[in-house]
**Q** 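I have a structure I would like to understand better, so I am pasting it below and will then ask my questions one at a time.
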Amino acid sequence: MQLEAVQHTKGALLVIAGAGSGKTRVLTYRVAWLLQQGIHPMSILAITFTNKAAAEMKSRIYDMVGTAAQDIWISTFHSMCVRILRREIEIMGFNRNFTILDADDSKRVIKRLIEDRGLDDKRYPVSMVSEHIDRAKNSMLSPDDLHATAGQNVLGHNIANIFADYEKYNLKHHSLDFNDLINLTIKLFKEHPQVLDIYRERFEYILVDEYQDTNRSQYELIRLLSSHHGNLCVVGDEDQGIYSWRGADISNILNFEQDYKDVKIIKLEQNYRSTQVILDAANSLISNNTQRKGKNLWTEKESVHKVVLLENMTAKEEAQTVISHVRLLTEQQDLDFGQFAILYRTHAQSRNFEDVCNEEGVPYRLVGGVRFWSRREIKDIIAYLRVLVNPYDDVSLARIINVPKRGFGTTSFQRVQDFAAELDLPYYGVLEEADAVPDLGTRAKKIAKDFIAMMENFRKMTQYLSVSELIHTIVNETGYLKELNKLPDLEREERYQNIMELITVAREYEKREEAERTLEGFLIDAALVDADQEEGQREAGPRINLMTIHAAKGLEFPVVFLTGLEEGIFPGVRSMNSEDDLEEERRLCYVGMTRAKEILFLSHAQTRQQYGQTNYNVPSRFLREIDPEFIQLGFIRPKLRPQPQAFINRVNPFKWEDAPKQDSFLDSTPKRDPIRPTSRAKKRVVENFEAGEDIRHKIYGVGQVLEVRGSGQDQEVTVEFPSVGKKLFVVKYAGLEKVKK
DNA sequence: GAGAGGTTTGTTTTT
DNA sequence: CAAACCTCTC
């Protein structure tokens, strides 16, 4: 089947590639095959979602065909679009040195726009508005489209207005967010067909990886690009779609047959990665999903152990049990730390594992986490660089005008902002003309002039300094490094290290062969490429891999620990109200399970600290959905409180002798009341609930309100709990004290 | 305007 | 538990 997929080069091809079925292999061999058929490397375009995947594919192709690989476009959707836009965007009124806004930057802009409109930020929280805008952009809707669907809804119209402001802002300040990269490329192609022709004639053969993760605009882009030659090969697996929150639309892959003519479909169902039990367990889980075509993964690989269940009392103990098992396996088997992966749903869960690793001296590698580029000191320095490249970039300017402290505080800056709004100028322009700003103090004017002089001086330096040298100069000349000295030792050291790391990243960039080696190019990398940084973990040798399940996609490890399998964590609270979201969580669980080659561990804890508060969690429904036949208990006995034993007995034929009799643990409700007020509920003035209202933010772990009786401080609310199997509870708000069952 | 100190609020997942 | 936010004093 793989060979057939490699050699079917003409027309539209859909490869349904189950987990571990050799997807990457097919893609790389296919490229090699095309080259061997005499196709020019320049006419091949391979698109992936992550930089990691692109780099992986590049190096594998390079290994096979050597330097010919250089001319093939292998990139992510986003970097491909940047590459095109950098060349062509000027016909659309943008500067080619545009700034790329990350989620954080874009929220700052939106926050300001909400304020400018005089809207209440309680009714219009930035996160909510930006989510709406993001969703609209993913589905290629314009502000007008939003107005059209808003009807009588004032909120909807206001969001549409902010959206329109946002678009105007970006055009004026030459900034693009991640969605714009794709959407503007489409707009460019549609409005300037002569540009589209260049690209669609060039790319004779197009390959798209992880097709199930494409959203509306990515779909559109592919359609445009493949519309000339029509040789489009997409690879994907509907069971591994885990990005719907980013607009990914699984129906893109499910409807591929209808969307293109004469589609050839090839299913890869043989798995070359995992043992049979792991596949059986994963299959039994995913069969609970309805949105799938269904496929039957099989393998010739024999099973070692059943899937191993680890039950724990606390999250900390979960980490200890996991690390103990890692130790045991490294001692008994021929395995090193690098062959283990600990996966979790959210980054916040990494903490306990890090702690235990540190305590026990076990080396680990943390993937992701607080991302390098979003650290404060890194963003500060990048903001300096951005202003040098794009003086219209107000967000960055606002960030650095008083960082490090130079006596230009909020009052002075507010005056600059007001004046800028009045004259419709960028902040940088206003600062250049500081004397003209009304009410600005003499001292502030002087500071502004000095600042501009300094920036202009930096700008001259860009001519003859490399990026790393420039960064070095900036942190010294601005006094940024000096200001770090005021911080407590630990923090200072960490920030300092990060800055040094940034300089290293810049040096590496300067060395890269295919890079532009300019400041502009560096900033694009900074926005799009995640530094594969290994903060303070420089020791060589194999290390345990810690990462989210999302980050593990496409990877494989001999031993995998899938942790935190608890209701409210995995599936997360926010996913428990809709069937669609639940299915996605289930797919995520499936992805996690199928990363394992030899042994798969599943673990949960009864107690976990969340928001600095202890919570009691029921084991995840996913544990219940996996056929118990494929599960066994851990090698090391976990410390447990009495209740779970019943469940252990259910899955483990070797009973613990003095296990107290009790109903099945998985089916029982937790000991503590699942309805607990958050600490702030006590203080907040009681508000009136409405039927149908979502009050999860007010009371932890609660779903839909079904019925309300009474009002004010004496309400009775009937609520449906998705986590406890649709039982009904009555919640009574007793004055300002707390919520009672 | 800066900084200390207290208070509130929030968490998926990523380009 | 942290980071963001707010308030008060110098």
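All chains are named by letter (A, B, ...) in the order of the sequence lines, taking the proteins before the strands, and each is independently numbered beginning at 1. Any value given below was found using the heavy atoms of this structure, including those in side chains, with hydrogens, waters and symmetry copies removed.
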**Q** Tell me, please, which residues at least two apart from A:Gln609 pass side-chain hydrogen bond (donor to acceptor under 3.5 Å, both in side chains).
**A** A:Thr614
**Q** Identify the two heavy atoms, one from A:Leu562 and one from A:Cys589, that lie closest to each other, and give their separation to 0.1 Å.
**A** CD2-O, 3.8 Å
**Q** Specify the residues of residues 73-83 of chain A, ordered by number, for which at least one heavy atom lies under 4.0 angstrom from an atom of DNA chain B.
**A** A:Thr76, A:His78
**Q** Rounded to whole Å, please give me the gap between CG in A:Leu101 and P in B:dT15.
**A** 17 Å
**Q** Which whole number of Å gives the distance between the C1' atom of B:dT13 and that of C:dA4?
**A** 22 Å
**Q** Which residues satisfy the side chain to side chain contact (heavy atoms under 4.5 Å, CB included) test with A:Thr185, sequence neighbours excluded?
**A** A:Cys81, A:Ile84, A:Leu85, A:Phe189, A:Leu221
**Q** Check every atom of B:dT13, C:dC1, B:dG1 against the side chain of A:Thr548 and return the nucleotide holding the closest atom.
**A** B:dT13
**Q** Would you please name every residue forming a side-chain hydrogen bond (donor to acceptor under 3.5 Å, both in side chains) with A:Tyr344, sequence neighbours left out?
**A** none
**Q** Each nucleotide N or O in nucleotides 5-7 of chain C that has a protein N or O under 3.5 Å away: list the pair and distance.
**A**
none

**Q** What residues form a side chain to side chain contact (heavy atoms under 4.5 Å, CB included) with A:Asp393, not counting sequence neighbours?
**A** A:Thr99, A:Arg386, A:Asn390, A:Val395, A:Ser396
**Q** So A:Asn402, base contact, sugar-phosphate only, or nothing? Heavy-atom distance under 4.0 Å.
**A** sugar-phosphate
**Q** When the ring centroid of A:Phe49 is compared with that of A:Phe77, is the distance short of 6.0 Å?
**A** yes
**Q** Taking only the side-chain heavy atoms of A:Phe178 (C-beta and beyond), determine which of B:dT15, B:dT12, B:dG3 contains the nearest atom.
**A** B:dT15
**Q** Compare side-chain N and O positions of A:Arg351 against OP1 and OP2 of C:dA2 and report whether any pair is under 4.0 Å apart.
**A** yes
**Q** Among residues at least two apart in sequence or on other chains, which ones pass salt bridge (Lys or Arg N to Asp or Glu O under 4.0 Å) with A:Arg608?
**A** A:Glu318, A:Glu566
**Q** Please work out if A:Ser127 contacts a base, only the sugar-phosphate, or nothing of the nucleic acid, heavy-atom cut-off 4.0 Å.
**A** nothing
**Q** Under 4.0 angstrom, heavy atoms only, what part of the nucleic acid is A:Tyr243 near: base, sugar-phosphate, or nothing?
**A** sugar-phosphate
**Q** Taking the nucleotide of DNA chain B with the nearest heavy atom to each, does A:Arg406 or A:Ile242 sit closer to the 5' end?
**A** A:Arg406
**Q** Look at the side chain of A:Arg345 against the base of B:dT13 and say whether a donor-acceptor pair falls under 3.5 Å; ignore hydrogens and angles.
**A** yes
**Q** Give me the one residue out of A:Arg587, A:Arg292, A:Lys553, A:Arg586 that meets salt bridge (Lys or Arg N to Asp or Glu O under 4.0 Å) with A:Asp239.
**A** A:Arg292
**Q** Please determine whether a side-chain nitrogen or oxygen atom of A:Ser412 lies at a distance below 4.0 Å from atom OP1 or OP2 of B:dG1.
**A** yes
**Q** Can you check the A:Lys379 NZ to C:dA4 C1' distance for me, whole Å?
**A** 15 Å
**Q** Starting from P on B:dT12, measure out to CG on A:Leu582 and report it in whole angstrom.
**A** 16 Å
**Q** Among residues at least two apart in sequence or on other chains, which ones pass side-chain hydrogen bond (donor to acceptor under 3.5 Å, both in side chains) with A:Asn352?
**A** none
**Q** Rounded to whole Å, please give me the gap between NE2 in A:His347 and C1' in B:dT13.
**A** 7 Å
**Q** Given atom CD of A:Gln610 and atom P of C:dA2, what is their separation to the nearest angstrom?
**A** 15 Å
**Q** Residues two or more places apart in sequence or in another chain: which of them pass side chain to side chain contact (heavy atoms under 4.5 Å, CB included) with A:Ala53?
**A** A:Thr48, A:Thr50
**Q** Could you check whether atom CD of A:Glu579 has more than 12 heavy atoms from other residues, nucleotides or ligands sitting under 6.0 Å from it?
**A** no
**Q** Taking side-chain hydrogen bond (donor to acceptor under 3.5 Å, both in side chains) as the definition, give me every residue that meets it alongside A:Glu377, ordered by chain and number, with sequence neighbours left out.
**A** A:Arg495, A:Asn498
**Q** Calculate the interatomic distance between A:Tyr344 atom OH and B:dT13 atom P; express it in whole Å.
**A** 10 Å
**Q** How close or far is atom P of B:dT12 from atom CZ of A:Arg574, stated in whole angstroms?
**A** 4 Å
**Q** Closest approach to the side chain of A:Lys405, judged atom by atom: which nucleotide of B:dG1, B:dT12, B:dA2 is it?
**A** B:dA2
**Q** Please state how far atom CG in A:Leu588 lies from atom C1' in B:dT14, giving the value in whole angstrom units.
**A** 13 Å
**Q** When you match A:Thr411 and A:Phe49 each to their closest nucleotide on DNA chain B, which lands nearer the 5' end?
**A** A:Thr411
**Q** Kindly write out the residues that satisfy side chain to side chain contact (heavy atoms under 4.5 Å, CB included) with A:Thr314, not counting sequence neighbours, or none if the list is empty.
**A** A:Lys316, A:Glu317, A:Thr607
**Q** Can you give the dot-bracket line for DNA chain B, where a pair is Watson-Crick or G-U wobble with both atom distances under 3.5 Å, crossing pairs use [ ], and | marks a partner on another strand?
**A** ||||||||||.....
**Q** Under 4.0 Å, heavy atoms only, any strand: does A:Gly407 hit a base, just the sugar-phosphate, or nothing?
**A** sugar-phosphate
